[in-house]
**Q** 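One structure follows; several queries about it will come next.
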Amino acid sequence: MKLIPSLLAFLSICSPVLANEIILPNRDLSPREVIEIQLTALQTNSAKKPNAGIQQTWAFAHPNNRAVTGPIERFAKMLKNKNYRSLLGHKEYKIRKVVIAPKIANFHIVIVSSDNLKLSFDWRLQKVEEGDFIGSWMTTSVSPPKRAADAI
């Protein structure tokens, strides 16, 4: 499913009902696609639907991550605090692959926040080894932001 960004854009234009459905982890999604789904959801999180992007992001939180950040109400508060709120409604993002191994993937993300700050995050994913989403890539951690020296 290499057309995730295009598919999401198409659905959001042509079918608001379908575009609002939560995409669930599955084995067919690559680590990069998982991050694109999460970043797009956070980017489009809006006042009209203040937690829709957060819920989509939570859907891809690895069980180990959920044990630390969950439940979703606590996760939502964490995303709205000073460290991560720049992800909500950000203007643009760039994903740089750092390492993709059989069970772990690390990426460097640079965003431009809604107030034009360039920030970077280290985003880590891991394959789920048991349970409902076995074999799916899910996010295990996102670093606090750092001021990004490079341009998008």
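Throughout, numbering of the chain's residues begins at 1 and tracks the sequence. Note that the coordinates shown come from a computational prediction; the quantities given were computed from them, not determined experimentally.
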**Q** Could you pull out all residues at least two apart from Asn64 that satisfy side chain to side chain donor-acceptor pair (under 3.5 Å)?
**A** none

**Q** Listed by chain and number, what are the side chain to side chain donor-acceptor pair (under 3.5 Å) partners of Trp123, not counting sequence neighbours?
**A** Gln38, Thr139

**Q** Tell me the closest heavy-atom pair linking Asn45 and Ile54, and the distance in Å.
**A** OD1-N, 3.4 Å

**Q** Quick check: does any side chain N or O of Ser113 sit under 3.5 Å from a backbone N or O of Ser86, one acting as donor and the other as acceptor?
**A** no

**Q** Using salt bridge (Lys or Arg N to Asp or Glu O under 4.0 Å), reason through Glu36 and Arg32 one step at a time and then give a plain yes or no.
**A** CA-CA 6 Å; Glu36 287 176 353; Arg32 184 181 182 94; 3.2 Å; yes

**Q** How far apart are the closest heavy atoms of Asn51 and Ala76, and which atoms are they?
**A** OD1-CB, 4.3 Å

**Q** Taking the side chain from Gln126 and the backbone from Trp137, do they hold a donor-acceptor pair closer than 3.5 Å?
**A** no

**Q** Could you tell me the separation between the CG atom of Leu39 and the OG1 atom of Thr57, rounded to the nearest 0.5 Å?
**A** 8.0 Å

**Q** Counting distance only, does the side-chain N/O of Arg66 pair as donor-acceptor with the main-chain N or O of Ala61 below 3.5 Å?
**A** yes

**Q** Whether the side chain of Ser120 engages the backbone of Ala148 through a donor-acceptor N/O pair (distance < 3.5 Å, no angle test) should be reported.
**A** no

**Q** What pair of heavy atoms forms the shortest contact from Val98 to His108, and how long is it?
**A** CG2-N, 3.7 Å

**Q** So how far is it from Lys91 NZ to Asp115 CG, rounded to the nearest 0.5 Å?
**A** 8.0 Å

**Q** Suppose we screen for ring-ring contact (aromatic ring centres under 6.0 Å, His included). Which residues come up paired with His62, at least two apart in sequence or across chains?
**A** none

**Q** Check whether Tyr84 reaches the backbone of Val142 with its side chain - one donor and one acceptor, N or O, closer than 3.5 Å.
**A** yes

**Q** Supply the atom-to-atom distance Lys94 NZ to Ile111 CD1, rounded to the nearest 0.5 angstrom.
**A** 15.0 Å

**Q** For the residue pair Leu42 and Leu79, what are the closest heavy atoms and their distance?
**A** CD2-CD1, 4.0 Å

**Q** Which heavy atom in Phe60 sits nearest to a heavy atom in Ile23, and how many Å separate them?
**A** CE1-O, 3.2 Å

**Q** Applying a strict under-4.5 Å side-chain criterion to I, L, V, M, F, W and Y, I'd like to know whether Met138 and Val68 cluster together.
**A** no

**Q** Between Gln43 and His90, which heavy-atom pair has the shortest distance, and what is it?
**A** CG-O, 2.9 Å

**Q** Are Ile104 and Phe107 connected in the hydrophobic side-chain network, where two residues link if heavy atoms are under 4.5 Å apart?
**A** no

**Q** Nearest 0.5 angstrom please: Thr44 OG1 to Leu88 CG, how far?
**A** 10.0 Å

